[in-house]
Amino acid sequence: MKEIKAFVKPFKVNDICHHLIEEGFPNLSVSSAEGTGNLENSDPSVSAQFSITDSPVAKIEIVCHEKDVDKIVSIISVKGRTGNPGDGIIYVSDVEKTYRVKTGLENGG
Amino acid sequence: MKEIKAFVKPFKVNDICHHLIEEGFPNLSVSSAEGTGNLENSDPSVSAQFSITDSPVAKIEIVCHEKDVDKIVSIISVKGRTGNPGDGIIYVSDVEKTYRVKTGLENGG
Amino acid sequence: MKEIKAFVKPFKVNDICHHLIEEGFPNLSVSSAEGTGNLENSDPSVSAQFSITDSPVAKIEIVCHEKDVDKIVSIISVKGRTGNPGDGIIYVSDVEKTYRVKTGLENGG
């Protein structure tokens, strides 16, 4: 299994997730973070929590089969795109095992 | 070392963490996120932040020795279980190196 | 590419990130979490969200080239250090691929 972690603009989250769900990838989580760097042009709001950061970002996490990585990356980048700097970045990492809390058993498929 | 990342129901966090600490795994972090999909039946509350998501979820992160993975996964799944859909999921990934901030040195053990 | 994930004291975030940016690593994100264990002495505040946890922690996430890991770990540990227990921990994991949302293309360098 692979973990896809995407840092995107918060106002793009609903559109991205709507399309992920529609394409059959409903198991995802979204959380809030703050960013700097290439993200800095994306939003003029000032973070209240850490003065060094300058942009709210949303983090989408989704674990999927290796065969689905390309499709999910494509959905996130097409739907998350504005064409301006700071649209965000997507990371793909390996996940060795997944388990369901409900059963405690490995979730092979 | 291995990283265990568990997405669980927020009201289960205290019980899960209490047992992890009691069993000798005190170094963990908990953060809040929002989920969709299989988590959708778990809680009728509506997320205020992202309209696409429908359930608050808690994310527990814990880095451990490989030999402790099974025990930690077992604690999380036993204590996090309700038996209903949407109890959550646990991911295990590899961590190549860990360092202590206090010393800047690798934390091999 | 490698992912560096650091759990540090929140009041150290601005100094750490300022130096990371200054040294040429501007693409990072910061989020809030709560911790237990070795972090427990670091702050007497009580978490409102999860009663089991006892310390707010900040999580810094930064993806970098393998050659930059040592420098980034050094900046985080030097700038995040107080010398007291609970200064935090840094994890390094492998990232298989990175993509830019703006283009949908792999970001090799």
Side-chain angles (χ1 to χ4, degrees), chain A residues 1-34 49 56-65 68 72 75-76 79-80 91-109, chain B residues 1-10 12-13 16 30-42 47-61 66 69-96:
Chain A
M1 305 287 281
K2 300 293 174 186
E3 182 193 57
I4 299 175
K5 200 188 284 189
F7 291 88
V8 299
K9 296 192 179 186
F11 78 93
K12 289 290 194 180
V13 165
N14 286 342
D15 199 26
I16 293 168
C17 293
H18 176 72
H19 280 84
L20 287 171
I21 293 167
E22 206 171 62
E23 293 290 332
F25 309 109
N27 294 302
L28 52 87
S29 79
V30 185
S31 54
S32 295
E34 301 173 19
Q49 207 161 10
V57 296
K59 181 164 80 163
I60 300 172
E61 291 173 279
I62 184 163
V63 172
C64 66
H65 294 283
D68 294 325
I72 292 171
I75 291 170
I76 296 172
K79 297 300 170 187
Y91 305 127
V92 181
S93 304
D94 193 56
V95 171
E96 297 182 344
K97 291 182 181 178
T98 72
Y99 301 85
R100 301 186 66 178
V101 173
K102 190 181 172 187
T103 60
L105 301 175
E106 270 199 74
N107 188 3
Chain B
M1 305 287 282
K2 299 294 173 185
E3 182 192 58
I4 298 174
K5 201 188 282 189
F7 291 88
V8 299
K9 296 191 178 185
K12 288 290 193 179
V13 166
I16 292 168
V30 185
S31 55
S32 295
E34 303 172 18
T36 67
N38 285 343
L39 289 161
E40 80 185 322
N41 299 310
S42 66
S47 160
Q49 207 160 10
F50 303 107
S51 68
I52 193 77
T53 62
D54 43 26
S55 303
V57 296
K59 181 164 78 162
I60 299 171
E61 290 174 280
E66 184 158 12
V69 168
D70 288 350
K71 190 165 186 183
I72 292 170
V73 167
S74 170
I75 291 169
I76 296 171
S77 62
V78 168
K79 296 301 169 186
R81 193 172 298 165
T82 67
N84 296 320
D87 276 349
I89 202 149
I90 305 167
Y91 304 126
V92 180
S93 302
D94 193 54
V95 171
E96 296 183 344

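Values below: all heavy atoms of this structure, side chains included; hydrogens, waters and symmetry mates excluded. In what follows, chains are A, B, ... by sequence order, proteins preceding strands, each numbered from 1.
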**Prompt:** Quick one: are B:Asp70 and A:Tyr99 in side-chain contact, heavy atoms under 4.5 Å?
**Reply:** yes
- Query: Where do A:Lys102 and B:Arg81 come nearest, in terms of heavy atoms and distance?
  - Reply: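 Scanning both residues, the minimum pair turns out to be O-NE, 3.0 Å.
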In this structure, CD of B:Glu34 is separated from OG of A:Ser31 (nearest 0.5 Å) by 8.5 Å
Donor-acceptor pairs under 3.5 angstrom involving side-chain atoms of residues 88-96 of chain B: please list them, not counting sequence neighbours.
{"from": "B:Asp94", "atom 1": "OD1", "to": "B:Lys2", "atom 2": "NZ", "distance (Å)": "2.8"}
{"from": "B:Glu96", "atom 1": "OE1", "to": "C:Lys2", "atom 2": "NZ", "distance (Å)": "2.9"}
{"from": "B:Glu96", "atom 1": "OE2", "to": "C:Lys2", "atom 2": "NZ", "distance (Å)": "3.1"}

side-chain contact (heavy atoms from CB on, under 4.5 Å) filter on A:Lys79, not counting sequence neighbours, yields A:Asp15, A:Ile16, A:His19, A:Ile75
